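Computed from a predicted model, the values in this text were never measured in an experiment. Numbering of ligands and ligand atoms starts at 1, following listing order.
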Amino acid sequence: MARNMLVTGGAGFIGSNFVHYVMEHTDDTVTVLDKFTYAGNEASLAGLPENRVRVVRGDICDGELVDQLVSDTDIVVHYAAESHNDNSLHDPKPFLDTNIIGTYTLLEAVRRHEKRIHHISTDEVYGDLELDDPERFNEHTAYNPSSPYSSTKAGSDLLVRAWVRSFGLQATISNCSNNYGPRQHVEKFIPRQITNILIGERPKLYGEGLNVRDWIHADDHSSAVLRIIDQGRLGETYLIGADGEKNNKDVLELILETMGQPTDAYEHVVDRPGHDLRYAIDPTKIRDELGWEPAYSDFTAGLEATVQWYRDNEAWWQPQKAATEAKYREQGQ
Ligand code: NAD
Ligand code: DAU
């Protein structure tokens, strides 16, 4: 049976990739609820079937609007968030509003209308690991967030858990590692470096670049979320990762090599305050319990395709680029 999904944040990076994925792999229809902040982009939803995708411009903190949209849906898939750590260090307030109050507003509507919600979260709620720690994050790791961004995501996860326990809310949660792929805002690491090279600017590495991120392609994140929606147990949390650990310096050198540049053609800039050292996901639960496997096992090939997407879609990213770099320049980054 085809469902109607309410996808919050569906005009952002991962949300829009999810909507494209749902169109290709299911018969479901989607209502996107997005505030179109600096991170939302109408062009990310271009070309989707009009009879299956409706776009509503609005705020997840708007209780009346949220109530009406939730009442008309079968399931809420909640991506909307303020998502960038660096921004949260300079202006935390929008992170509290959207990530905490926005999530609370959705939870109350889902409770009133007895619907299902899947809450999208991040591995950053667990804090960071030492480089040589043999352990990876799993569903039992204690929460220990570092930044205003990750602490508000941790807060939103705890709200979902409390609504499950106290009110029997029909909810699942997933915590995913760093995504890469098309349609990611140029403020983020991989698109920033690719587009810097494309405009003749040198890439910028924070500190020594030894920090490790666990990369996963956005389509693999989408397939995992769909699997949880279809087969996940209510009330459960699933970690999503694809064994993609790499340090930032290695990723940057690979981008430079892929784009035909000398691998040392970049600058070291001031490090991020409180910069998490390493994230790493143990995806055993989702693999064993739900039989999910990532499709993108070759990071180099996935990165090459991503570079090609930014080469082919300058009209998508060019309008964001100057303002993003101006903001970074003010911060010395
Ligand atoms: P993004 O910043 O690219 O997109 C966020 C979207 O939410 C934008 O379209 C924005 O307009 C919308 N939005 C913001 N505030 C809103 C509000 N108040 N009401 C309605 N819409 C609003 O973010 P992303 O990287 O696509 O991340 C999406 C989700 O996935 C977030 O919840 C994030 O925490 C989570 N996540 C991201 C990653 C990653 O690597 N990017 C990894 C794991 C989890
Ligand atoms: O782990 C999941 C998280 O991944 C998500 O929850 C966040 O929404 C998402 O933004 C991402 O957070 P990070 O802080 O890891 O991503 P970012 O792209 O900002 O940075 C990745 C790494 O690259 C990080 O160690 C900082 C570094 N960096 C970043 C930028 C923008 C640089 O060295 N240079 C840069 O110019």
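The nearest heavy-atom contact from the protein to atom 19 (N) of ligand 1 is Ile60 N, 3.0 Å. Ranking protein heavy atoms by distance to atom 21 (N) of ligand 1, first place goes to Lys35 N, 3.0 Å. Summary of contacts: the protein heavy atom closest to atom 36 (O) of ligand 2 is Arg192 NH1, 2.8 Å. Closest to atom 30 (O) of ligand 1 among all protein heavy atoms lies Ile120 CG2, 3.5 Å. In this structure, the protein non-hydrogen atom closest to atom 12 (O) of ligand 2 is Glu124 OE2, 2.9 Å. At the top of the distance list for atom 5 (C) of ligand 2, counting protein heavy atoms only, stands Tyr149 OH, 3.6 Å. Of all protein heavy atoms, the one closest to atom 23 (O) of ligand 1 is Ser83 OG, 3.2 Å. Of all protein heavy atoms, the one lying nearest to atom 21 (C) of ligand 2 is Phe189 CB, 3.6 Å. Of the protein's heavy atoms, Tyr206 N, 2.8 Å lies nearest to atom 33 (O) of ligand 2. For atom 8 (O) of ligand 2, the closest heavy atom belonging to the protein is Ser83 O, 2.8 Å.
Taking any N or O of Asn179, backbone or side chain, at least one lies under 3.5 Å from an N or O belonging to ligand 1. Polar contact with ligand 2: absent for Tyr328 (N/O pair, distance under 3.5 Å). Considering backbone and side-chain atoms together, Asp59 places an N or O closer than 3.5 Å to an N or O of ligand 1. Polar contact check, Phe13 against ligand 1: a nitrogen or oxygen pair lies under 3.5 Å apart. Ligand 1 has no N or O atom lying under 3.5 Å from any N or O atom of Tyr38, backbone or side chain. On a distance-only criterion, Asn211 and ligand 2 share no N/O pair closer than 3.5 Å. Looking at Thr122 next to ligand 1, no N or O pair under 3.5 Å apart turns up.
Although no hydrogens or angles enter the test, the distance criterion places a donor-acceptor pair under 3.5 Å between the side chain of Asp74 and the main chain of Asn4. Under a 3.5 Å cut-off, the side chain of Asn144 and the backbone N or O of Tyr126 do not form any donor-acceptor pair. Side-chain atoms of His268 do not come within 3.5 Å of backbone N or O of Gly209 as any donor-acceptor pair.
Residue Asp62 holds its CG atom at 8.5 Å from OG1 of Thr105, rounded to the nearest 0.5 Å. A distance of 11.0 Å separates CD1 in Ile173 from CD in Glu139, rounded to the nearest 0.5 Å. Rounding to the nearest 0.5 Å gives a distance of 10.0 Å between OG1 of Thr306 and CH2 of Trp215. For the atom pair CD1 (Ile216) and CD1 (Ile281), the distance works out to 8.5 Å, reported to the nearest 0.5 Å. The CD1 atom of Ile197 sits 9.0 Å away from atom OG1 of Thr258, with the distance rounded to the nearest 0.5 Å. Rounded to the nearest 0.5 angstrom, Trp163 CH2 and Thr103 OG1 are separated by 10.5 Å.
The shortest separation from a heavy atom of Lys153 to ligand 2 is not under 4.0 Å, leaving the residue out of contact. For the pair Gln193 and ligand 2, a heavy-atom separation below 4.0 Å is found. For Cys61, the heavy-atom gap to ligand 1 stays at 4.0 angstrom or more. By the 4.0 Å heavy-atom criterion, Pro94 is excluded from the residues contacting ligand 1. Assignment of Gly58 to the shell around ligand 1 is supported, since a heavy atom sits closer than 4.0 Å. Heavy atoms of His185 come nearer than 4.0 angstrom to ligand 1 in no pair at all. For Gly10, the heavy-atom gap to ligand 1 stays at 4.0 angstrom or more. Heavy atoms of Asp34 come nearer than 4.0 angstrom to ligand 1 in at least one pair.
The atoms of ligand 1 that sit less than 4.0 Å from any heavy atom of Gly40 are 8 (C), 9 (O), 11 (O). Residue Tyr149 approaches ligand 1 through these ligand atoms, each under 4.0 Å from one of its heavy atoms: 33 (C), 34 (O). In the vicinity of Cys176, heavy-atom distances shorter than 4.0 Å reach the ligand 1 atoms 42 (C), 43 (C). Interface atoms of ligand 1 facing Phe36, defined by a heavy-atom separation under 4.0 Å, are 11 (O). Heavy-atom proximity to Gly12, at under 4.0 Å, picks out these atoms of ligand 1: 3 (O), 4 (O), 6 (C), 8 (C), 9 (O). Close approach of ligand 1 to Ser121 is summarised as follows: ligand atoms under 4.0 Å from at least one heavy atom of the residue are 43 (C), 44 (C). The Asn178 neighbourhood of ligand 1 comprises atoms 40 (O), with distances under 4.0 Å to a heavy atom of that residue. The atoms of ligand 1 that sit less than 4.0 Å from any heavy atom of Tyr79 are 28 (C), 29 (C), 31 (C), 32 (O).
Between the choices Arg278, His275, His84, Lys188, the shortest heavy-atom distance to atom 10 (O) of ligand 2 belongs to Lys188. When the options Asp214, Ile14, Asn41 are ranked by their closest heavy atom to atom 37 (C) of ligand 1, first place goes to Ile14. Residue Ala81 holds the heavy atom nearest to atom 14 (C) of ligand 1 of all those in Ala81, Ala11, Ser177. The option with the heavy atom closest to atom 17 (P) of ligand 2, from among Arg272, Glu325, Glu187, is Arg272.
In this structure the side chain of Leu198 reaches within 4.5 angstrom of the side chain of Ile194, judged on heavy atoms. Side-chain contact between Gln333 and Lys204: absent, with no pair of heavy atoms (C-beta onward) separated by less than 4.5 Å.
With respect to Lys249 and Glu253, a salt bridge is recorded, a charged nitrogen being found less than 4.0 Å from a carboxylate O. Of the charged side-chain nitrogens involved, none lies within less than 4.0 Å of a carboxylate oxygen, so that Glu187 and Lys327 do not count as a salt-bridged pair. With salt bridges taken as basic N to acidic carboxylate O contacts below 4.0 Å, none links Glu245 and Arg136. Using a 4.0 Å cut-off between charged side-chain N and carboxylate O, Asp86 and Arg192 make no salt bridge. A salt bridge does not link Arg278 with Glu130: none of the charged nitrogens is closer than 4.0 Å to a carboxylate oxygen.
Outside the 6.0 Å centre-distance limit, the rings of His221 and Tyr21 are not counted as a close aromatic pair. Ring to ring, Tyr180 and Phe299 are close: their centroids are under 6.0 angstrom apart.
A cation-pi arrangement is not found for Arg272 relative to Tyr206, the charged atom failing to lie both closer than 6.0 Å to the ring centre and inside a 45° cone about the ring normal.
Under 4.0 angstrom from ligand 1, the non-hydrogen atoms of Lys153 all belong to its side chain. With a heavy-atom cut-off of 4.0 Å, Asn178 touches ligand 2 through backbone and side chain alike.
Between the side chains of Thr29 and Arg54, not a single donor N or O lies within less than 3.5 Å of an accepting N or O.
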Under the side-chain contact (heavy atoms from CB on, under 4.5 Å) criterion, do Glu124 and Lys153 qualify, and how do the steps go?
CA-CA 8 Å; Glu124 294 194 18; Lys153 290 300 292 187; over 6 Å; no
